[in-house]
Amino acid sequence: MGLHPGHDYDAYAAAALAEIPVDEAESLLEGLLDSRLLVQREVGRYNYHNLVLSYARDAASSHETERAGTRAIHRLLDYYLHTAEAAANLLDLGRRRVALCLSCPPSHVPPLADGKASLRWFDTERHNLRMAVEEAQRQGLHGHSNHLPHMMAHYLQLRGCSDDQLTLLKTAFDAAAQLNDHHAQGRTLLNLAVSDWFYGRFSEALDRAVHALAVAEKLGDADFQGACLSRIGIFYAALGRYAPSSAPTSTPRRCPS
């Protein structure tokens, strides 16, 4: 567990990292807890004492081959990506689904029955998900660092975490640029625009939406162009200026993610 980039974790994350069944992971974690190598400040959540954590991370970097360590981190990031997508879909039933291509899909994931359970999961894993995005950047896994911020966007908006939302979406945009994925760049720009609008940054929202529209036009994506024009019309109205006649006037209530 010394490879885990976050502060605490559950048996599902441990199982993904170690590539073992979740019941075996839970048994191992409980054994470490009984040996006082782990602490448990919340039922089902484990973390090392500070000194033990430092030793565990040093040991992981010393004893794990670089390739094995990279595979373990990839499994963990795939777990977070898979579960965050499921949670985001339950939290926002109107959200556009994303087809994920995971090289290490998790065998065990926490049961998420509804939006309330998904909200609790995001609350619990918020710090770990941020650390997962940073780890994906370090590992050069740009698909993960592009997708994860979008999956968190609606949750962060619900919680009023504008700084986190802005920082993560900017990371997503940089990742899309690394992938040379123009559609992902445009999608991220539109999410940033809606985030700006939600927090009253109307001029910034309009600038980003116009930029996203230019990307949509270059791609020849009519649906995406319509989504951009819709937002542009709303932002003009918020600024008290005349909107283009082609811009619809419906109100965006969430990041399109």
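Every heavy atom of this structure was used, including side-chain atoms; hydrogens, water molecules and symmetry mates were not.
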Specify the closest pair of heavy atoms between Trp121 and Ala87, including all atoms of both residues, with the distance to one decimal.
CE3-CB, 3.9 Å
CG of Asp92 to OG of Ser118, rounded to nearest 0.5 Å, is 11.0 Å
For residues Tyr80 and Tyr12: do they belong to one hydrophobic cluster (side chain heavy atoms under 4.5 Å, members Ile, Leu, Val, Met, Phe, Trp, Tyr)?
yes
Considering non-hydrogen atoms only, spot the tightest contact between Ala172 and Thr188 and give its length.
CB-CG2, 4.0 Å
How far does CG of Asp181 sit from CZ of Arg187, to the nearest 0.5 angstrom?
9.0 Å
Would you check if the side chain of Arg75 reaches a backbone N or O of Ala16 as a donor-acceptor pair within less than 3.5 Å?
yes
Does the plane of the ring in Phe224 sit parallel, tilted or perpendicular to the ring in His183? Use 30° and 60° as the thresholds.
tilted
Relative to each other, are the rings of Tyr9 and Tyr46 parallel, tilted or perpendicular (30° and 60° limits)?
parallel
Just wondering, more than 12 heavy atoms not from Gln137 lying within 6.0 Å of its CD?
yes
Is there a salt bridge (Lys or Arg N to Asp or Glu O under 4.0 Å) between Arg159 and Asp164? Walk through the geometry before answering.
CA-CA 10 Å; Arg159 290 301 193 214; Asp164 282 354; over 6 Å; no
Side-chain donor-acceptor pair under 3.5 Å between Asp174 and Gln178, yes or no?
no
Heavy atoms of Ala212 and Gly186 approach each other most closely as CB-O, 3.7 Å
Which pair of heavy atoms, one from Leu76 and one from Ala13, lies closest together, and at what distance?
CD1-O, 3.6 Å
Among His150, Arg208, His154, Gln157, which one satisfies side-chain hydrogen bond (donor to acceptor under 3.5 Å, both in side chains) with Asn191?
His150
Quick one: side chains of residues 107-114, donor-acceptor pairs under 3.5 Å with protein atoms, not counting sequence neighbours, listed by atom name and distance.
{"from": "Asp114", "atom 1": "OD1", "to": "Lys116", "atom 2": "N", "distance (Å)": "3.2"}
{"from": "Asp114", "atom 1": "OD1", "to": "Ala117", "atom 2": "N", "distance (Å)": "2.9"}

Leu38 pairs by side-chain contact (heavy atoms from CB on, under 4.5 Å) with which of Asp8, Leu32, Leu28?
Leu32
Side-chain donor-acceptor pair present, Tyr155, Asp123, cut-off under 3.5 Å
yes
Would a distance-only check, ignoring hydrogens and angles, find a side-chain to backbone donor-acceptor pair under 3.5 Å from Asp78 to Cys104?
yes
With hydrophobic residues grouped by side-chain heavy-atom distances under 4.5 Å, do Leu179 and Leu219 end up in a single group?
no
Least distance between heavy atoms, Leu29 atom then Ala14 atom:
CD1-CB, 3.9 Å
For the side chain of Thr124 and the backbone of Arg120, is there at least one donor-acceptor N/O pair under 3.5 Å apart?
yes
Asp163 atom CG: more than 12 heavy-atom contacts under 6.0 Å:
no
